[in-house]
Number of protein chains: 2
Amino acid sequence: MGDCEQCMVRKLSALNVLKGEEIKSISGCKVTKRIKKGEVVFKEGDMLNGVYCISSGVCKLTKLTEKGKDQVVKLVIKGELLGQRSVIINQTANLTATALNDMEVCFIPKQEILQDLLKNNEFSFSVLKRMATDLKEAEIAIVNMAQKSVRKRLADIILYLHNNFGVDESNYLKVPLSRDDFASIVGTATESVIRTLSQFKKEGLIKTSGKKIQILNYDELELME
Amino acid sequence: MGDCEQCMVRKLSALNVLKGEEIKSISGCKVTKRIKKGEVVFKEGDMLNGVYCISSGVCKLTKLTEKGKDQVVKLVIKGELLGQRSVIINQTANLTATALNDMEVCFIPKQEILQDLLKNNEFSFSVLKRMATDLKEAEIAIVNMAQKSVRKRLADIILYLHNNFGVDESNYLKVPLSRDDFASIVGTATESVIRTLSQFKKEGLIKTSGKKIQILNYDELELME
DNA sequence: GTGAAACCATGACAATTATCATATTTTTGT
DNA sequence: ACAAAAATATGATAATTGTCATGGTTTCAC
């Protein structure tokens with residue numbers, strides 16, 4: 001149960017602009033939770049009683065399609081808030097949040113956040129800016145989904161994982177995604193992912209070891225049309 | 001040059017929560033513009049000096065892909081603000097706005113909006129709620145792009161146009177989209193749109209007259225998988 | 001009104017992606 | 001360590017979608 005005032009993660013998030021009093025208040029009512037890999041933080045349709053500030057770990061936000069498949073909409077990382085949108089518009093969650101590795105999150109009750117939003121203009125402007133950025137990214141995602149091939153979308157997500165989540169000591173991507181996860185990010189069949197990764201291997205773009213992936217030719221992945 | 005205080009369109013928008021003083025100030029500095037069908041309001045990459053409040057007409061927001069195609073991200077209608085995101089995060093426009101029919105818009109300078117956002121908490125919370133809703137819709141669009149067939153996406157947009165923009169006296173869709181526009185909304189080739197519309201005609205789902213489209217079987221368009 | 005330009009339509013074919021079947025490998029629980 | 005379960009891999013084939021070519025229609029400026 002750390003002190004929010006000192007928390008480095010908070011300083012990365014929209015909560016960074018909160019003042020002493022507000023932070024003390026959050027410190028007093030927040031609840032720290034550990035979430036294991038594969039566990040669900042909240043589900044599409046849940047009414048959220050607060051937001052989650054991610055301290056460590058990575059989480060996927062998915063939406064269930066009519067065919068019963070999951071589609072990943074966004075990967076979320078330390079320093080981002082989960083569930084803020086549902087709290088702001090007071091609706092049930094639009095997406096399901098599932099941990100991709102072990103996570104630590106701080107749960108902050110809804111009324112605490114709403115109170116700060118209404119009182120502290122700098123804070124609501126800060127949340128507004130984050131949301132504007134999220135919206136911009138979502139728009140880009142729409143265009144990519146609509147216009148890029150499965151092959152290119154898969155190359156893109158590999159590069160994205162490399163750039164945003166880094167590599168381990170032997171240069172393999174850190175985030176452990178299954179072929180199924182890749183499929184639901186790219187929006188394609190699992191077999192298509194497997195086939196395309198095999199193709200990438202043949203072309204010397206990547207190499208794999210079990211489910212781990214290492215980039216061999218960054219530039220060509222990026223330049224792929 | 002109407003008076004914003006009385007403006008019904010403003011009352012539909014996020015500007016509805018502004019108070020007397022603020023509205024008078026906007027009334028004094030806003031500029032009303034007429035934009036003809038096909039004209040560009042602003043272009044991807046432009047630095048916007050304000051936001052546009054749409055009084056009448058419909059406009060498409062597009063993004064240019066690497067292949068040089070336009071992808072429609074959103075259709076925007078009376079009562080919505082254009083360019084708010086760019087103004088809030090102080091970046092160049094991410095999308096191009098083009099009039100689909102003759103439009104009337106009110107241009108409100110950036111500093112006016114920013115000043116109100118920083119001073120009036122109710123206003124920034126109102127904008128925040130709108131943006132949260134936009135984000136939710138964008139997420140749904142990502143899932144639809146990823147998971148639905150061209151055939152279903154085309155059916156969806158026809159239903160959307162019917163529900164949101166209505167029909168004329170002979171039941172044809174009011175918004176005049178070309179096959180090209182449909183293609184860049186659905187994210188497919190123009191020929192695929194034409195073919196699929198022909199298919200819909202054969203199946204008795206729609207009928208056409210020139211470029212105008214009329215829905216004959218709403219339910220089946222909706223139930224299509 | 002008329003000719004040019006833009007738009008719509010369809011065929012033929014190629015490329016991409018999905019689906020189903022069936023091995024093989026890796027991971028996991030005990 | 002070992003069996004069961006899950007995940008990965010690959011082939012065969014079908015369905016969807018894209019591309020190129022070509023011709024007919026509508027729209028619009030003059």
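Since the structure is predicted, the reported quantities are computational estimates derived from the model, not experimental observations. Throughout, protein chains are lettered first and strands after them, A, B, ... in sequence-line order, and every chain is numbered starting at 1.
Between the P atom of D:dT8 and the CG atom of A:L177 lies a distance of 10 Å, rounded to the nearest Å. Atom CD1 of A:I213 and atom C1' of D:dT8 are 12 Å apart (whole Å). Here D:dA9 presents its P atom at 11 Å from CZ of A:F182, a figure rounded to the nearest Å. The interatomic distance linking A:M145 (CE) with C:dT17 (P) rounds to 12 Å, in whole Å. Taking atom CD on B:Q199 and atom P on C:dT10, their separation rounds to 11 Å, with Å as the unit. If you take CD of A:E225 and P of D:dT19, they are 11 Å apart, rounded to a whole angstrom. Between the CG atom of A:D180 and the P atom of D:dT8 there is a distance of 7 Å, given to the nearest Å. Rounded to whole Å, atom C1' of D:dG23 lies 14 Å from atom CD of B:E191.
Along DNA chain C, the nucleotide nearest to A:G210 and the one nearest to B:A146 differ in position, and the one closer to the 5' end is contacted by B:A146. Comparing B:K37 and B:R151 against DNA chain D, the residue whose closest nucleotide sits nearer the 5' end is B:R151.
Residues B:K63 and A:V143 approach most closely at CB-CG2, 3.8 Å, considering heavy atoms.
Looking at A:R179, its side chain has no donor and acceptor atom pair within 3.5 Å of the base of D:dT10. Contact annotation: side chain of A:R195 to base of D:dG11, donor-acceptor pair present below 3.5 Å.
Comparing C:dC8, D:dG18, C:dT17 against the side chain of B:A189 picks out D:dG18 as the nearest. For B:I194, the side-chain atoms get nearest to C:dT10 when compared with the rest of C:dT17, D:dT17, C:dT10.
Taking 4.0 angstrom as the limit, A:S178 places none of its side-chain polar atoms (N or O) nearer than this to OP1 or OP2 of D:dA7. In this structure, A:K201 reaches the D:dA9 phosphate: one of its side-chain N or O atoms is under 4.0 Å from OP1 or OP2. Taking only side-chain nitrogens and oxygens, B:T188 never comes nearer than 4.0 Å to OP1 or OP2 of D:dT17.
At least one donor-acceptor pair under 3.5 Å links the side chain of B:D168 to the backbone N or O of B:S170.
Around NZ of A:K11, the count of heavy atoms belonging to other residues, nucleotides or ligands within 6.0 Å exceeds 12.
Taking the ring centre of B:Y172 as origin, the terminal cationic atom of B:K212 falls inside the region bounded by 6.0 Å and 45° from the ring axis.
Among the heavy atoms of the strands, none lies under 4.0 Å from A:T190. Counting any heavy atom pair closer than 4.0 Å across all strands shown, B:S198 reaches sugar-phosphate atoms only and no base atom.
Distance check: B:R130 CZ to A:I89 CD1 gives 12.0 Å after rounding to the nearest 0.5 Å.
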